[in-house]
Amino acid sequence: MVENMNENHQEKEEKKAGLNFVQQIVADDLKAGKNGGRLNTRFPPEPNGYLHIGHAKAICMDFGVAEMFGGTCNLRFDDTNPAKEDTEYEQSIMRDIHWLGYDWGDRLYYASDYFQKLYDFAVSLIKKGKAYVDDQSAEEIAAQKGTPTTPGQASPYRERSVAENLDLFERMNKGEFEEGSRVLRAKIDMASDNMHFRDPIIYRIIKRPHWRTGEKWKVYPMYDFAHGQSDYFEGVTHSICTLEFVPHRPLYEHLVKELAGDTASEYCPRQIEFNRLNLTYTLMSKRKLLQLVQENLVNGWDDPRMPTLCGLRRRGYTPQSIKNFIQDIGYTKYEALNDISLLEHAIREDLNTNATRVCAVLDPIKVVITNYPDDKEEMLEMDNNPEQENADTHKMPFSREIYIERNDFMEEPPKKFFRMTPGKEVRLKGGYIIMCTGCTKDAEGNVTEIQCTYDPDTLSGMPGSNRKVKGTLHWVSARHCKDAEIRLYDRLFAVENPSADTEHDFRELLNPDSLKVVNNAKVEPWLAENAKAEDKFQFQRIGYFCVDTDSTAKHLVFNRTIGLKDSWAKAQKK
RNA sequence: UGUCCUGUGGUGUAAUGGUAGCACAUCGGAUUCUGGUUCCGCUUGCGAGGGUUCGAAUCCUUCCAGGACAACCA
């Protein structure tokens with residue numbers, strides 16, 4: 001009995017220890033019965049751009065914590081700025097969330113659905129003398145705001161009468177005034193230590209149709225006047241966001257309390273902030289990513305070099321690898337810079353167990369097996385995946401002439417070169433052991449062809465194949481192979497932390513070698529029939545590759561997701 | 001020089017007053033029909049000082065360092 005209790009106690013301790021700080025807060029709130037013991041989170045993107053891996057971190061938190069504790073998660077489009085938003089982004093956001101494997105069910109919301117309620121709330125604040133219309137320009141208002149160390153000054157319009165404020169705000173929304181000529185401000189405290197309390201602007205005029213509400217509104221609420229209230233309207237209990245909103249939290253709470261009034265003790269949403277995702281050799285700034293797209297420095301939002309979810313998808317990243325990576329880096333309040341090798345490890349790990357093995361030669365050189373009959377061909381059995389117990393096999397043709405990788409041959413090799421060189425044997429993956437007998441060179445001394453002989457008793461699977469041979473090469477049959485275009489992607493930026501470099505424009509820091517196109521690669525013929533867009537393969541001894549959306553049976557296109565680790569290349573660099 | 005937040009190996013992250021652990025990276029070695037995978041091992045850490053305590057990464061305090069905040073963006 002005592003032992004049991006100890007075990008139970010330990011289990012609880014361990015469970016708590018495994019939770020990140022947000023999950024612990026949620027667990028504590030649930031245990032304390034806050035908000036009736038409910039858990040409701042929300043993921044609130046503004047539909048003004050494509051989601052990137054930083055958003056994936058938020059999605060995994062918002063949907064993940066709801067999943068973990070049996071709560072629900074709303075998808076709410078924070079569409080309070082018609083100047084920047086569009087349904088194109090809305091659609092891509094929904095697709096990417098689904099791709100990651102999360103679903104909001106029937107809990108799809110839009111801040112624009114609350115425009116009337118928010119307007120009414122603003123009117124009620126005016127009536128209570130807690131909001132006023134300011135006729136000053138943006139510059140004047142900014143000048144009066146003070147600095148973090150010096151208090152602000154009151155606007156000359158701060159003490160306008162309720163009647164005048166009501167009248168002006170109504171007319172602002174009728175379109176009687178130009179954009180920028182008037183704003184509605186909450187009257188709070190121009191001397192507050194928190195800049196967000198110095199009479200924040202809560203409504204501005206935007207005379208542009210909203211993608212959902214059309215011409216109905218001429219005034220639109222600011223983030224601070226929409227977010228907390230939207231959470232409140234939806235019954236959100238935990239409003240989880242990133243660290244830059246920490247200084248907004250007091251205002252969030254201030255306005256929610258104002259809205260809830262006496263009922264705030266029964267239900268009140270709570271904002272919790274975690275660190276955003278920063279990755280080496282890339283950027284998360286939506287503005288800068290947009291610039292790369294607009295200036296054609298990359299080929300669109302889904303360029304495989306982009307940290308966007310559609311880019312990562314096209315690059316060959318799997319949802320599971322992204323989730324695993326996010327799990328690995330964790331959630332804290334420390335603004336970390338995560339090494340991209342963690343992401344690379346996550347996708348290698350996933351693809352190692354799941355990607356089908358094939359042969360592809362990126363830089364082909366012809367090898368003639370001089371003692372193999374010209375009219376003969378064999379279909380060899382190739383393992384699809386040695387990491388899986390019951391993986392299938394597929395056939396690959398072998399014939400007298402094959403291609404191997406140019407750098408798998410050296411006439412005068414360095415030490416520990418376990419590849420093809422005159423007088424030495426190597427094994428052809430899944431095929432015969434062959435011995436190099438010589439090579440042909442052109443006038444400049446470049447090798448144009450290699451000659452070998454094969455040992456007929458050494459086909460894979462036959463008893464004679466058990467001989468120890470140091471090197472194993474990938475290859476394709478010259479007569480049967482297909483041409484392919486291979487896009488070799490590398491890190492987008494040449495420097496570890498492009499955001500930290502204040503001396504250079506970020507565009508100067510791009511990696512000039514982030515894309516290399518190989519047009520004359522040779523791949524085994526099985527791929528021509530079996531490679532569909534987004535399929536993932538391991539090109540043996542090279543790396544992981546994904547069929548591009550541009551690919552067709554006639555013109556195969558593969559994207560390199562990530563290379564295999566290469567300890568030989570690494571050793572050569574030393 | 002205001003308010004708030006944050007400092008644990010190279011990077012990221014555990015620890016909930018009780019042996020500083022894990023992952024990635026690095027470097028060795030073993031295995032291997034992928035120089036991959038797998039396996040084994042090494043190196044490297046609590047920002048600094050003071051205090052409370054039998055005992056401090058953890059609590060208090062001072063200092064140091066980094067970051068956020070002054071959009072009619074979210």
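In what follows, chains are A, B, ... by sequence order, proteins preceding strands, each numbered from 1. Everything numeric here is computed off the predicted structure, so don't read it as measured data.
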Participant: If you look at every strand shown and take non-hydrogen atoms under 4.0 Å, does A:Gln538 touch a base, only sugar-phosphate, or nothing?
Facilitator: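 Answer is base: heavy atoms of A:Gln538 come under 4.0 Å of a base.
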Participant: How is A:Phe418 classified with respect to the nucleic acid when contacts are heavy atoms under 4.0 Å: base, sugar-phosphate, or nothing?
Facilitator: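 Base contact.
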Participant: Taking B:rC46 as the reference, what is the distance to B:rU13 when you measure between their C1' atoms (whole Å, please)?
Facilitator: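 The answer is 14 Å between these two C1' atoms.
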Participant: Look at all strands and tell whether A:Lys286 reaches a base, only sugar-phosphate, or nothing, counting heavy atoms closer than 4.0 Å.
Facilitator: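 Contact class for A:Lys286: none.
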Participant: Would you say a side-chain N or O of A:Asn275 is under 4.0 Å from OP1 or OP2 of B:rU13?
Facilitator: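 Result: yes.
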Participant: Go through B:rC73, B:rG2, B:rG12 for me and flag the one nearest to the A:Asn81 side chain.
Facilitator: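 The listed nucleotide nearest to A:Asn81's side chain is B:rC73.
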Participant: Would you tell me whether A:Glu344 and A:Ser341 have side-chain atoms, one donor and one acceptor, within less than 3.5 Å of each other?
Facilitator: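 Result is no, nothing qualifies.
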Participant: Taking only side-chain N and O atoms of A:Arg198, does any of them lie within less than 4.0 angstrom of OP1 or OP2 on B:rA71?
Facilitator: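 Answer is no, no contact under 4.0 Å.
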Participant: Check for a donor-acceptor pair, side chain of A:Arg270 on one end and backbone N or O of A:Glu253 on the other, with a separation under 3.5 Å.
Facilitator: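 No; zero donor-acceptor contacts below 3.5 Å.
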Participant: Counting N and O atoms only, with roles assigned by atom type, does the side chain of A:Glu425 sit under 3.5 Å from a partner on the main chain of A:Met435, one being a donor and the other an acceptor?
Facilitator: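 Checking the backbone N and O of A:Met435 against the side chain of A:Glu425, no donor-acceptor pair under 3.5 Å is found.
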Participant: Quick check for you: among B:rG2, B:rG12, B:rG35, whose closest atom lies nearest to any side-chain atom of A:Tyr334?
Facilitator: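 Closest nucleotide to the A:Tyr334 side chain: B:rG12.
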Participant: From the options A:Phe225, A:Phe177, A:Trp217, A:Tyr223, select the one residue that forms a ring pair (Phe, Tyr, Trp, His ring centres under 6.0 Å) with A:Tyr203.
Facilitator: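 For A:Tyr203, the ring pair (Phe, Tyr, Trp, His ring centres under 6.0 Å) check succeeds only for A:Phe225.
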Participant: With a 4.0 Å cut-off on heavy atoms, is A:Leu337 in touch with a base, just the backbone sugar-phosphate, or nothing at all?
Facilitator: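 Counting heavy atoms under 4.0 Å across all strands, the contact made by A:Leu337 is with sugar-phosphate only.
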Participant: Are any side-chain N or O atoms of A:Asp199 and backbone N or O atoms of A:Ile188, one a donor and one an acceptor, separated by less than 3.5 Å?
Facilitator: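 Looks like yes, one N/O pair under 3.5 Å.
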Participant: Verify whether the ring centers belonging to A:Trp568 and A:Phe418 lie closer than 6.0 Å.
Facilitator: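 When the ring centroids of A:Trp568 and A:Phe418 are compared, they turn out to be at least 6.0 Å apart.
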Participant: Go through B:rU34, B:rC4, B:rA14 for me and flag the one nearest to the A:Lys429 side chain.
Facilitator: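 From the listed options, B:rU34 comes nearest.
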Participant: Is any side-chain N or O of A:Glu387 under 3.5 Å from a base N or O of B:rU38, one able to act as donor and the other as acceptor?
Facilitator: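 No such pair is found, so the answer is no.
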Participant: Counting side-chain heavy atoms from C-beta on, which of B:rG35, B:rC73, B:rA68 comes nearest to A:Lys416?
Facilitator: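 Out of B:rG35, B:rC73, B:rA68, the nucleotide with an atom closest to A:Lys416's side chain is B:rG35.
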Participant: Could you check A:Ile329 against A:Arg249 and say which one's nearest nucleotide on RNA chain B is further toward the 5' end?
Facilitator: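 Looking at the nearest nucleotide for each, A:Arg249 comes out on the 5' side.
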Participant: Can you list the stems that include RNA chain B, where a stem is three or more consecutive Watson-Crick or G-U pairs with distances under 3.5 Å?
Facilitator: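 RNA chain B stems, ordered by first number: B:2-7 with B:64-69, B:10-13 with B:21-24, B:27-30 with B:38-41, B:47-51 with B:59-63.
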Participant: Could you check how far CE of A:Met396 sits from P of B:rU34, rounded to whole Å?
Facilitator: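 The distance from CE of A:Met396 to P of B:rU34 comes to 14 Å, rounded to the nearest Å.
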Participant: When the distance from CE of A:Met190 to P of B:rA70 is rounded to whole Å, what number comes out?
Facilitator: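 It works out to 14 Å between those atoms.
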Participant: Any base atoms under 4.0 Å from A:Glu46, or only sugar-phosphate, or nothing? Heavy atoms, all strands.
Facilitator: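 Sugar-phosphate contact only - A:Glu46 comes under 4.0 Å of backbone atoms but never of a base.
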Participant: Could you tell me how far B:rG7 sits from B:rG12 if I compare only their C1' atoms? Round to whole Å.
Facilitator: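 To the nearest whole Å, 14 Å.
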Participant: Considering just the side-chain nitrogens and oxygens of A:Ser137, establish if one lies under 4.0 Å of OP1 or OP2 belonging to B:rC72.
Facilitator: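 Negative; the distance criterion is not met.
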Participant: Check every atom of B:rG35, B:rG2, B:rU34 against the side chain of A:Trp568 and return the nucleotide holding the closest atom.
Facilitator: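 My answer, after comparing the listed nucleotides, is B:rG35.
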Participant: What interatomic distance, in whole Å, is found between P of B:rC40 and the corresponding atom of B:rC4?
Facilitator: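 Going atom to atom, P in each nucleotide, I get 49 Å.
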Participant: What nucleotide among B:rA74, B:rG2, B:rC72 has an atom nearest to a side-chain atom of A:Thr149?
Facilitator: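 So the side chain of A:Thr149 is nearest to B:rG2.
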Participant: In whole angstrom, give the distance that lies between atom CD of A:Gln144 and atom P of B:rC72.
Facilitator: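 Spelled out: CD on A:Gln144 to P on B:rC72 is 12 Å.
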Participant: Determine the Euclidean distance between corresponding C1' atoms of B:rC63 and B:rU43; express it in Å to zero decimal places.
Facilitator: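 Approximately 32 Å lies between the C1' atom of B:rU43 and that of B:rC63.
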Participant: Can you check whether A:Arg541 has a side-chain N or O nearer than 4.0 Å to OP1 or OP2 of B:rG35?
Facilitator: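 Checking A:Arg541 against B:rG35: at least one side-chain N or O falls below 4.0 Å of OP1 or OP2.
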Participant: Give A:Leu243 one of three labels, base, sugar-phosphate or nothing, depending on what nucleic acid heavy atoms sit under 4.0 Å from its own.
Facilitator: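 Nothing: the residue A:Leu243, judged by heavy atoms under 4.0 Å, touches no strand.
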Participant: For A:Asp113, give me all partners under salt bridge (charged side-chain N to carboxylate O under 4.0 Å, His left out), at least two apart in sequence or on another chain.
Facilitator: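 Partners of A:Asp113 under the salt bridge (charged side-chain N to carboxylate O under 4.0 Å, His left out) test: A:Arg212.
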Participant: Between B:rC22 and B:rA15, how far apart are the C1' atoms? Round to whole Å, please.
Facilitator: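 Taking atom C1' in both B:rA15 and B:rC22, they lie 11 Å apart.
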Participant: Under 4.0 Å, counting only non-hydrogen atoms across every strand here, what does A:Lys145 touch: a base, just sugar-phosphate, or nothing?
Facilitator: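 It contacts sugar-phosphate atoms only.
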Participant: What interatomic distance, in whole Å, is found between P of B:rU3 and the corresponding atom of B:rU62?
Facilitator: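 Nearest-Å result for B:rU62 against B:rU3 at atom P: 12 Å.
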Participant: Look at all strands and tell whether A:Pro386 reaches a base, only sugar-phosphate, or nothing, counting heavy atoms closer than 4.0 Å.
Facilitator: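 A:Pro386: base contact, heavy atoms under 4.0 Å.
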Participant: With a 4.0 Å cut-off on heavy atoms, is A:Glu405 in touch with a base, just the backbone sugar-phosphate, or nothing at all?
Facilitator: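 No contact at all - A:Glu405 keeps every heavy atom at 4.0 Å or more from the nucleic acid.
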Participant: So does A:Ala346 get a backbone contact from the side chain of A:Ser321, meaning a donor-acceptor N/O pair under 3.5 Å?
Facilitator: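 No.
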Participant: Examine B:rU37: is either OP1 or OP2 under 4.0 Å from a nitrogen or oxygen in the side chain of A:Thr353? Give yes or no.
Facilitator: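 So the side-chain polar atoms of A:Thr353 never come under 4.0 Å of the phosphate oxygens OP1 or OP2 of B:rU37.
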Participant: Under 4.0 angstrom, heavy atoms only, what part of the nucleic acid is A:Phe417 near: base, sugar-phosphate, or nothing?
Facilitator: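 Base contact - A:Phe417 has a heavy atom under 4.0 Å of at least one base atom.
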Participant: When the P atoms of B:rA56 and B:rG18 are compared, how many Å lie between them, rounded to an integer?
Facilitator: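 These two P atoms come out 11 Å apart once rounded.
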Participant: Contact class for A:Gly461 vs. all strands (heavy atom < 4.0 Å): base, sugar-phosphate, or nothing?
Facilitator: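 It contacts base atoms.
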Participant: Could you check whether A:His227 and A:Gln271, counting side-chain N and O atoms only, form a donor-acceptor pair closer than 3.5 Å?
Facilitator: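 No - no donor-acceptor pair under 3.5 Å links their side chains.
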Participant: Heavy atoms only, 4.0 Å cut-off, all strands: where does A:Arg357 land among base, sugar-phosphate and nothing?
Facilitator: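 Answer is base: heavy atoms of A:Arg357 come under 4.0 Å of a base.
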Participant: Using only heavy-atom distances, decide whether a donor-acceptor pair under 3.5 angstrom links the side-chain of A:His196 to the base of B:rA71.
Facilitator: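 Side chain to base: no pair present.
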Participant: Show the distances under 3.5 angstrom between N or O atoms of the protein and N or O atoms of nucleotides 23-25 of chain B.
Facilitator:
{"from": "B:rC24", "atom 1": "OP1", "to": "A:His345", "atom 2": "NE2", "distance (Å)": "3.3"}
{"from": "B:rC24", "atom 1": "O2'", "to": "A:Ser341", "atom 2": "OG", "distance (Å)": "3.3"}

Participant: Which is true for A:Ala138 with a 4.0 Å heavy-atom rule: it touches a base, it touches only sugar-phosphate, or it touches nothing?
Facilitator: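 A:Ala138: base contact, heavy atoms under 4.0 Å.
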Participant: If you measure only the distance, is there a donor-acceptor pair under 3.5 Å linking the side chains of A:Thr242 and A:Glu244?
Facilitator: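 Indeed, the side chains of A:Thr242 and A:Glu244 share at least one donor-acceptor pair under 3.5 Å.
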Participant: Aromatic ring centroids of A:Phe233 and A:Tyr109 under 6.0 Å?
Facilitator: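 That pair fails the under 6.0 Å test.
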Participant: Which comes earlier along RNA chain B counting from the 5' end, the contact point of A:Tyr331 or that of A:Lys470, where each point is its nearest nucleotide?
Facilitator: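 Counting from the 5' end, the first nearest nucleotide belongs to A:Tyr331.
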Participant: Tell me which nucleotide among B:rC72, B:rU34, B:rA68 gets nearest to the side chain of A:Arg204.
Facilitator: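 Between B:rC72, B:rU34, B:rA68, the one nearest the side chain of A:Arg204 would be B:rC72.
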Participant: Kindly compute the distance separating NZ (A:Lys286) from NZ (A:Lys84), expressed to the nearest 0.5 Å.
Facilitator: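 Nearest 0.5 Å value for the NZ-NZ distance: 8.0 Å.
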Participant: Taking any heavy-atom pair under 4.0 Å as a contact, classify A:Phe245: base, sugar-phosphate, or nothing.
Facilitator: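 Answer is base: heavy atoms of A:Phe245 come under 4.0 Å of a base.
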Participant: Does the side chain of A:Glu234 pick up a donor-acceptor pair with the side chain of A:Tyr114 at under 3.5 Å?
Facilitator: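 Yes.
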Participant: Taking the C1' atom in each of B:rC39 and B:rU31, what is the distance between them to the nearest angstrom?
Facilitator: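 The answer is 8 Å between these two C1' atoms.
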Participant: Could you go through A:Met222 and A:Val183, starting from their C-alpha distance and side-chain angles, then the distance that decides it, and tell me whether this counts as side-chain contact (heavy atoms from CB on, under 4.5 Å)?
Facilitator: CA-CA 11 Å; A:Met222 298 286 289; A:Val183 291; over 6 Å; no
Participant: Output the single nucleotide from B:rA68, B:rA74, B:rG35 whose closest atom is nearest the side chain of A:Arg419.
Facilitator: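 So the nucleotide nearest the side chain must be B:rG35.
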Participant: Can a donor-acceptor pair under 3.5 Å be found between the side-chain atoms of A:Glu244 and the base atoms of B:rG67?
Facilitator: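 It does not, because no donor-acceptor pair links the side chain of A:Glu244 to the base of B:rG67 below 3.5 Å.
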